[in-house]
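Everything on this sheet refers to the single structure shown next.
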Amino acid sequence: MEGLKSRALHHLSHTHKVLALSSLHHFYEHLLQCCTSLTTLKLIHSSLSTRGFLLHTPHFLARLIILYSKLGDLHSARTLFDHRHHHHHGHTQAPNSFLCNTMLRAYANAGRSYEAIDLYIYMQRMGVGINNFTYPFVLKVCASELGAVFGKVVHGQVVRTGFGSDLFVEAALVDMYAKCGVIGDSHEVFDRMLIRDVVCWTAMITLYEQAERPLEALMLFRKMQEEGFLGDEITAISVASAVGQLGDGRMAISVHGYAVLNGFIGDVSVGNSIVGMYAKCGNVERARLVFDRMEERDGISWNSMLSGYTQNGRPTDALSLFNQMQASECDPNPVTALIMVSACSYLGSKHLGRKLHNFVISSKMDIDTTLRNAIMDMYMKCGDLDTAVEMFNNCEPGKRDVSSWNVLISGYGVHGHGKEALELFSRMQVEGVKPNDITFTSILSACSHVGLIDEGRKCFADMTKLSVRPEMKHYACMVDMLGRAGFLNEAFSLIKKIPSRPSDEVWGALLLACRIHGNTELGEIAANNLFQLEPEHTGYYVLMSNIYAASNKWKEVEMVRQNMKSRGLKKPAAFSVIEFGTEVHGFHTADQSSPYYREVYRKVESLAIEMKMVGYVPDLSCVLHDVEPEDKEHLLNYHSEKLAVAFGIMKMDQGMPIQVTKNLRVCSDCHWAFKFISSIYGRKIIVRDANRFHHFQGGRCSCGDYW
DNA sequence: CTAGGGTTAG
């Protein structure tokens, strides 16, 4: 009896112990799951260690190693790892595969490639079993840093050790080759796979999408479905991105349908990518619809929608959505700031730009060099050179980079301050900043805007000395510069010297020069190249027809117009904005939606009469429409930039400059008219067009009619 | 107990 009792007691206490132990394990597991700081982790670590759990429960050891590496303390992770297998007898003892894999994972996730490879080699040397779990980590490291050469070596080892047909390892190989840019090898691995799943199909689709080969990505997507795989959220994201690259609105709708039908749309990331896809296809309305219907929105959702508006030339919509964002529970981040800064640049509104800058400062978000450069650029594009320069000067030299210099140089360039641009260009070199390709486009276009031909030629010659290889965009700048200055033949022979096929920007620059100098023959050569290269680009048709119109070749004008019409091309809508106090007013061509339109219309009509009295003759060459001359003249009055300027003359105080931003190039008649207006009214008129700034004062323009 | 595919901005 007594014996039985004692045995029962013993049994009971044993169960108790086991129970306690298991709940302790759960307790620690819970602690580790909640642990987000190094200090807490160290406390848990020492507690686990005193209980002896680390010696007997490899699970906790692994958890600690992973957590340490996640929180950035790889040293502690490694110490733990080393300690474990030095423990028993004080001499090195081969660690087991599991632990090594864990440590490898820690290195791979932290991007510590060389330590990871070191460990991998150590494993091979010590004869630690390398298994199917090991390779994905090693291949990840190859993908991110070491490259395809090393990856190929590992691939060989995969095959030799007999893991060549493990689904996970194969998928990792596909991804590795893809990230190293060896698409052929990826495809080869993929083709040899006997069993495939969603993950490796998606990896293949993503690979083509990332390589900007959207058609092939979509073909794979179809093939995947034919083989009976539905795909999942991540597939949907990749496919949406591919369709966004194609810009095909109808396909966008069907991908959207795919996501809805399969229930992927509830996923925030899927929603985000659909929003971005629609925006890239030019369908902001649908983008907004999806955005509004999302159950859950994160920072990326807002940023996608905001940049969608900006990309589609709708900065005012971006700004009002930005206000909504601030009222929501989602805080703007530095990327948001970057998008909004570019919206303000586009709009050309000094006031809104400054307000945004103040917001960025007060929100205490991290202003890195990229964001600071964007803000400087915004000030330049809003006509506030002083603030941009001040920001540049107040910035510690360590926080400036080439782009900061580039922003200033190109900013001075678009304002027609060629000398200052050149000074900055040499100053940056004195201060030891190496000019890059963008520096040269900035300086060359600055020279071009002011007609500093010799300086421009010298900079172009200096490029190779400073080991920057001339690219197509630099040739385009040179053609632009030479062409504007009237050296059309020199420009044309430079084009012939370009080692590869001249791009549309190069021919476009020549075409523009031909319009300025009324050269029909060279213009036709340029245009014919352009119509082949970019048949959908409206601007080139418009330019060519302007050239014909200027030399009264109306039959040819009609031909170009018909050509445009048959391709279904329309002149993009012109849009001009003017800042008035804290408001921004926008005008389309012949706009009747503005609350002020009646008075503005009366003003442009009276302006036309006033100008004619002092010698203005309407320049009809920029009217494409097939109408009577009187009607053409009438149409000219309602150009968006004229409406905006008339609004400014009416509403703004005499001392205030009138600043207007137009989305396209300012038309030649408006340019001429503004000279008259600036002189009649004694006002400063500043117009920013798609190319540069025009400062009108006393009957002259800062561009010297050189634009 | 450990593993593979991802969207926004520039």
Side-chain angles (χ1 to χ4, degrees), chain A residues 25 29 57-63 65-66 96-106 108-109 131-140 143 163 166-176 178-179 186 189-190 193 196-210 217 220 224 229 231-245 259 264 267-277 279-280 287 291 297-308 310-311 332-343 368-371 373-374 377 401 403 438:
Chain A
H25 276 184
E29 184 57 44
T57 329
H59 169 74
F60 282 126
L61 198 61
R63 288 300 309 260
I65 290 176
I66 291 161
N96 65 30
S97 304
F98 166 56
L99 222 52
C100 283
N101 287 343
T102 305
M103 196 60 222
L104 204 52
R105 170 185 174 186
N109 287 340
N131 58 24
N132 50 329
F133 291 99
T134 316
Y135 287 117
F137 297 131
V138 181
L139 290 166
K140 186 176 185 174
F163 290 103
D166 179 283
L167 183 59
F168 282 72
V169 178
E170 286 172 308
L173 280 166
V174 167
D175 190 51
M176 182 274 293
K179 298 249 160 71
S186 274
V189 175
F190 181 75
M193 289 175 76
R196 299 188 186 123
D197 65 358
V198 203
V199 175
C200 65
W201 273 107
T202 309
M204 281 309 287
I205 294 168
T206 309
L207 177 173
Y208 281 106
E209 177 262 310
Q210 296 280 319
L220 276 162
M224 176 190 88
F229 294 98
D232 62 9
E233 283 85 353
I234 298 178
T235 324
I237 289 168
S238 272
V239 171
S241 170
V243 171
Q245 286 174 21
F264 303 149
D267 183 283
V268 196
S269 298
V270 172
N272 293 345
S273 60
I274 304 266
V275 168
M277 171 184 69
K280 288 211 178 91
F291 176 82
R297 280 180 279 268
D298 61 6
I300 294 178
S301 326
W302 288 92
N303 288 350
S304 304
M305 196 57 234
L306 289 170
S307 94
T310 312
Q311 281 166 15
N333 62 23
V335 177
T336 321
L338 215 57
I339 299 166
M340 293 320 296
V341 165
S342 83
D368 63 355
T369 308
T370 319
L371 181 54
N373 290 342
D377 193 47
D401 61 4
S403 311
I438 296 163

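Below, chain A is the first sequence line, B the second, and so on; all start at residue 1. The model shown is predicted, which means the values in this text are computed figures rather than measured ones. Because only heavy atoms are used, hydrogens play no part in the values below, and waters and symmetry mates are left out as well, while side chains stay in.
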With a 4.0 Å cut-off on heavy atoms, is [X] in touch with a base, just the backbone sugar-phosphate, or nothing at all?
X: A/Leu173; result: nothing
X: A/Asp232; result: base
X: A/Tyr135; result: nothing
X: A/Asn101; result: base
X: A/Asp197; result: base
X: A/Val268; result: nothing
X: A/Ser97; result: nothing
X: A/Thr102; result: nothing

As a test of reading the structure: which of [options] is closest to the side chain of [X], going by heavy atoms?
X: A/Lys280; options: B/dA3, B/dG6, B/dT8; result: B/dT8
X: A/Ile237; options: B/dA3, B/dG4, B/dG6; result: B/dG6
X: A/Ser273; options: B/dG6, B/dT2, B/dT7; result: B/dT7
X: A/Ser238; options: B/dG6, B/dG4, B/dA3; result: B/dG6

Are any side-chain N or O atoms of A/Ser304 and backbone N or O atoms of A/Ile300, one a donor and one an acceptor, separated by less than 3.5 Å? yes

Any [X] side-chain nitrogen or oxygen under 4.0 Å from OP1 or OP2 of [N]:
X: A/Gln311; N: B/dA9; answer: yes
X: A/Ser307; N: B/dA9; answer: yes
X: A/Gln210; N: B/dT7; answer: yes

Measure distances between side-chain N and O atoms of A/Ser269 and base N and O atoms of B/dG6, and say whether any donor-acceptor pair falls under 3.5 Å. yes

Heavy-atom check, side chain of [X] versus side chain of [Y], under 4.5 Å:
X: A/Gln311; Y: A/Lys280; answer: yes
X: A/Ser301; Y: A/Val268; answer: yes
X: A/Lys140; Y: A/Asp175; answer: no

Centroid distance below 5.5 Å plus an interplanar angle below 30 degrees: do A/Phe133 and B/dA3 meet both conditions? no

For the residue pair A/Phe229 and A/Trp201, categorise the inter-ring angle as parallel (less than 30°), tilted (30 to 60°) or perpendicular (more than 60°). tilted

Value in whole Å for how far the [atom2] atom of [N] lies from [atom1] of [X]:
X: A/Phe291; N: B/dT8; atom1: CZ; atom2: P; result: 16 Å
X: A/Ile65; N: B/dT2; atom1: CD1; atom2: P; result: 14 Å
X: A/Asn333; N: B/dT7; atom1: CG; atom2: C1'; result: 14 Å
X: A/Asn109; N: B/dG4; atom1: CG; atom2: P; result: 7 Å
X: A/Trp201; N: B/dG6; atom1: CH2; atom2: P; result: 17 Å
X: A/Trp302; N: B/dT8; atom1: CH2; atom2: C1'; result: 15 Å
X: A/Ile274; N: B/dG6; atom1: CD1; atom2: P; result: 18 Å
X: A/Glu209; N: B/dG5; atom1: CD; atom2: P; result: 14 Å

At their closest point, which heavy atom of A/Glu209 faces which heavy atom of A/Ala217, and how far apart are they? N-CB, 3.9 Å

